[in-house]
Amino acid sequence: MTVYVLIAVAAAIVAGGACWIISGKYQQKLSKEKIGGAEEKARQIIDDALKQAETKKRESLLEVKEESIKTKNELDKEIKERRAEAQRFERRIQQKEESVDKKAEAIEKKEAGLQQKEKELDKLKAEVSKLNEQRLHELERISGLTSEQAKEYLLKTVEEDVKHEMAVMIKEMENRAKEEADKKAKEYVVGAIQKCAADHCSETTISVVQLPNDEMKGRIIGREGRNIRTIETMTGVDLIIDDTPEAVVLSGFDPVRREVARIALEKLIIDGRIHPARIEEMVEKAQKEVENIMKEAGESATLEVGVHGIHPELVKLLGKMKYRTSYGQNVLKHSIEVAQLSGLLAAELGLDVRVAKRAGLLHDIGKAVDHEMEGSHIQLGVELCRKYKESATVINAVEAHHGDVEPQTLIACIVQAADAISASRPGARRETLETYTTRLKQLEDIANEFKGVDKSFAIQAGREIRVMVVPEQVSDADMVLLARDISKKIESDMEYPGQVKVNVIRESRVTDYAK
């Protein structure tokens, strides 16, 4: 029993040892398998890492290569541009060198020519010297003079020859300078005329107003002619209603009055209500409208010429010249043309163009008021320019443009020339029209000299003068004597064709209002 137990225990111990040995070997085998798998995974990881590193290396190399190619291309492009620029600079330098070479060749040729001329001059001097020596010997031989005496004689002779040659040379230079000055002056004047081509139209003494129908003529005449008499009395213009269809002619030498009458009559025709009170109202409106037109004309003239800063009163007077004429030439258009010509001439001579234009525009400003104030248009123009603070240069140009005083500046001379150019254009002026308007103005001036005369209007082309008197100062009996005195004065002071009718008008008017 015990033996069996021992055997069993020994068997158990042997079996346990065998199991332990077997399990140890199994564990060792498992460990070896795990280590082998780990090593295999490690090698695989290392291989993968190496492959990724190789891939990234290739990608980095490719990027570096692309970047280097791009940089190289940019550098090549920049090198090409700089090379092209360098080639352009080289061409320019080459052209400049060629130009310098040509200039150097020209200078060399000139120097060679000068040297040749110097040689010729030296040769001439040598010949002159030789001739003088021969002359000296001949003089000594003929005259028997000493060398000093001959020398003194020769110096005197040479001095006289030199004086004569100098005088001839100076005369030639003066003539050449005058010719050049005349040529340049003609070029400047012709150039100024070509650049300033202004239209010219002679002012007439009539205006025509178109009517919508012939029935309107009767309405304009009015009952017993009261409408036409009111228009003529208010405006100082003669209305001629003849057989001309659908037209009325306004006759008068004063363009301002004629324009007022034309505007008033056109307004009356449009309005349709034609009676004395309405006529007076329309004439007043027309007078205000004409004043605005004159102001706008003055402003337009300054803008057209490009002259700024002129006193507003002078601008108004400039506009007033739109309705003034000189020898049939519109004074405002003439002043604008003179201003433009003065500017062109001043530019040619390098003077102040703005001052020249200003002086040219204002040179005839006195003609805007010479029919209202005593004195010539030059004196009145100077007074106006001084009153409104114009510069001394402008005042001198205004004062000297007809030669009344000496010009003190070149601008005054330019204005003189421009005024002569504008006035001498073909068709610019008409002597007959000026004579005619002067006669009409003289008629009115004679009538206005008498005491009690309010205003006078020369009409019918100077064949009639209507004299409006102040009723408080001139009675009905005095009117007869006044008409006779005016007629005698006209006969003694004026020359005129045919006869002049003197029509003295005395009108008393009383106005009251019912309240």
Q: Does the pair Lys119/Asp122 count as a salt bridge with the N-to-O cut at 4.0 Å?
A: no

Q: Give the minimum heavy-atom separation between Gly343 and Lys357, together with the two atoms involved.
A: CA-CG, 3.8 Å

Q: If we only count heavy atoms from C-beta on, is the Val283 to Val260 side-chain gap below 4.5 Å?
A: yes

Q: State whether Glu284 and Lys288 are salt-bridged, where the test is any N-O pair (Lys NZ or Arg NE/NH1/NH2 against Asp/Glu carboxylate O) under 4.0 Å.
A: no

Q: Would you check, one step at a time, whether the test side chain to side chain contact (heavy atoms under 4.5 Å, CB included) holds for Arg386 with Val382?
A: CA-CA 6 Å; Arg386 284 178 180 156; Val382 171; 3.5 Å; yes

Q: At their closest point, which heavy atom of Val353 faces which heavy atom of Ala346, and how far apart are they?
A: CA-CB, 4.2 Å

Q: Can you tell me if Asn73 uses its side chain to pair, donor with acceptor, with the backbone of Ile69 under 3.5 Å?
A: yes

Q: Taking the basic N atoms (NZ, or NE/NH1/NH2) and the acidic carboxylate oxygens, is any pair closer than 4.0 Å for Glu281 and Lys285?
A: yes

Q: Side chains of residues 93-101: which donor-acceptor pairs under 3.5 Å do they make with residues two or more places apart or in other chains?
A:
none

Q: Under 3.5 Å, is there a donor-acceptor pair between the side chain of Ser129 and the main chain of Lys125?
A: no

Q: Can you confirm whether more than 12 heavy atoms, excluding those of Arg354, are under 6.0 Å from its CZ atom?
A: no

Q: Are Arg257 and Leu250 side-chain neighbours, meaning at least one heavy-atom pair lies under 4.5 Å?
A: no

Q: Using the side chain to side chain contact (heavy atoms under 4.5 Å, CB included) definition, which of the options Val338, Val415, Leu314, Thr302 pairs with Leu361?
A: Thr302

Q: Inspect the contact between Lys123 and Glu120 and indicate whether a charged nitrogen and a carboxylate oxygen are less than 4.0 angstrom apart.
A: no

Q: Would you say CD of Glu374 has more than 12 non-hydrogen atoms from neighbouring residues, nucleotides or ligands within 6.0 angstrom?
A: no

Q: Does any non-hydrogen side-chain atom of Leu384 lie less than 4.5 Å from one of Leu317?
A: yes

Q: Say you draw a straight line from NE2 of His334 to CD1 of Ile336; how long is it, rounded to the nearest 0.5 Å?
A: 11.0 Å

Q: Does any pair with a residue in residues 297-312 pass salt bridge (charged side-chain N to carboxylate O under 4.0 Å, His left out), and if so which ones, sequence neighbours excluded?
A: none

Q: Within a strict 4.5 Å, meaning less than it, do heavy atoms of the Val315 and Lys295 side chains meet?
A: no

Q: Tell me, with the steps shown, if Asp419 and His402 meet side chain to side chain contact (heavy atoms under 4.5 Å, CB included).
A: CA-CA 9 Å; Asp419 183 47; His402 281 318; 3.5 Å; yes

Q: Within a radius of less than 6.0 Å around CD of Glu406, do more than 12 heavy atoms belonging to other residues, nucleotides or ligands occur?
A: no

Q: Atom CD of Glu259 and atom CD of Gln287: how far apart are they, to the nearest 0.5 Å?
A: 12.5 Å

Q: Does any part of the side chain of Arg358, heavy atoms only, come nearer than 4.5 Å to the side chain of Val305, both counted from C-beta?
A: no

Q: Assess the residue pair Val249 and Leu239 against the criterion (side chain to side chain contact (heavy atoms under 4.5 Å, CB included)); give the C-alpha distance rounded to whole Å, side-chain angles, the decisive distance to 0.1 Å, and a yes or no.
A: CA-CA 6 Å; Val249 177; Leu239 268 70; over 6 Å; no

Q: State which residue, out of Lys367, Glu383, His401, fulfils the side chain to side chain contact (heavy atoms under 4.5 Å, CB included) condition with Ile378.
A: His401

Q: So does Glu313 pair up with Lys387, basic N to acidic O under 4.0 Å?
A: no

Q: Do Glu78 and Arg82 meet the salt-bridge criterion of a basic N to acidic O distance under 4.0 Å?
A: yes

Q: Any chance you could lay out the side chain to side chain contact (heavy atoms under 4.5 Å, CB included) test for Leu303 and His308, step after step, and finish with the verdict?
A: CA-CA 8 Å; Leu303 289 174; His308 307 290; 4.2 Å; yes

Q: With a 4.0 Å cut-off, would you call Glu289 and Lys267 a salt bridge?
A: yes

Q: Mind listing the closest non-hydrogen atom pair of Ser342 and Gly360 along with its distance?
A: OG-CA, 4.1 Å

Q: Measure centre to centre between the rings of His363 and His377, then say whether the value is under 6.0 Å.
A: no

Q: With a 3.5 Å distance limit and no angle check, can you tell me whether Asn330 reaches the backbone of Lys322 through a side-chain donor-acceptor pair?
A: yes

Q: Looking at every non-hydrogen atom in both residues, tell me the closest pair between Leu362 and Val398 and how far apart they are.
A: O-CG2, 3.6 Å

Q: Could you walk me through whether Glu215 and Arg219 satisfy the salt bridge (Lys or Arg N to Asp or Glu O under 4.0 Å) test, starting with their C-alpha distance in whole Å, then the side-chain angles of each, then the deciding distance to 0.1 Å, before giving a yes or no?
A: CA-CA 7 Å; Glu215 181 188 352; Arg219 298 177 65 183; 5.7 Å; no

Q: Check each of Asp352, Leu351, Thr393 against Leu410 using the side chain to side chain contact (heavy atoms under 4.5 Å, CB included) test, and report the only one that passes.
A: Leu351

Q: What distance do Ile220 atom CD1 and Met216 atom CE have between them, rounded to the nearest 0.5 Å?
A: 6.5 Å

Q: Is any side-chain heavy atom of Ser335 less than 4.5 Å from a side-chain heavy atom of Val331?
A: yes

Q: Are the side chains of Glu280 and Met234 in touch, meaning some heavy atoms are under 4.5 Å apart?
A: yes

Q: Looking at every non-hydrogen atom in both residues, tell me the closest pair between Ile269 and Gln210 and how far apart they are.
A: CD1-O, 4.1 Å

Q: Might you confirm whether atom CD of Glu127 has over 12 heavy atoms from other residues, nucleotides or ligands at distances under 6.0 Å?
A: yes

Q: A side-chain contact here means heavy atoms from C-beta on lying under 4.5 Å apart; do Ile263 and Met282 qualify?
A: no

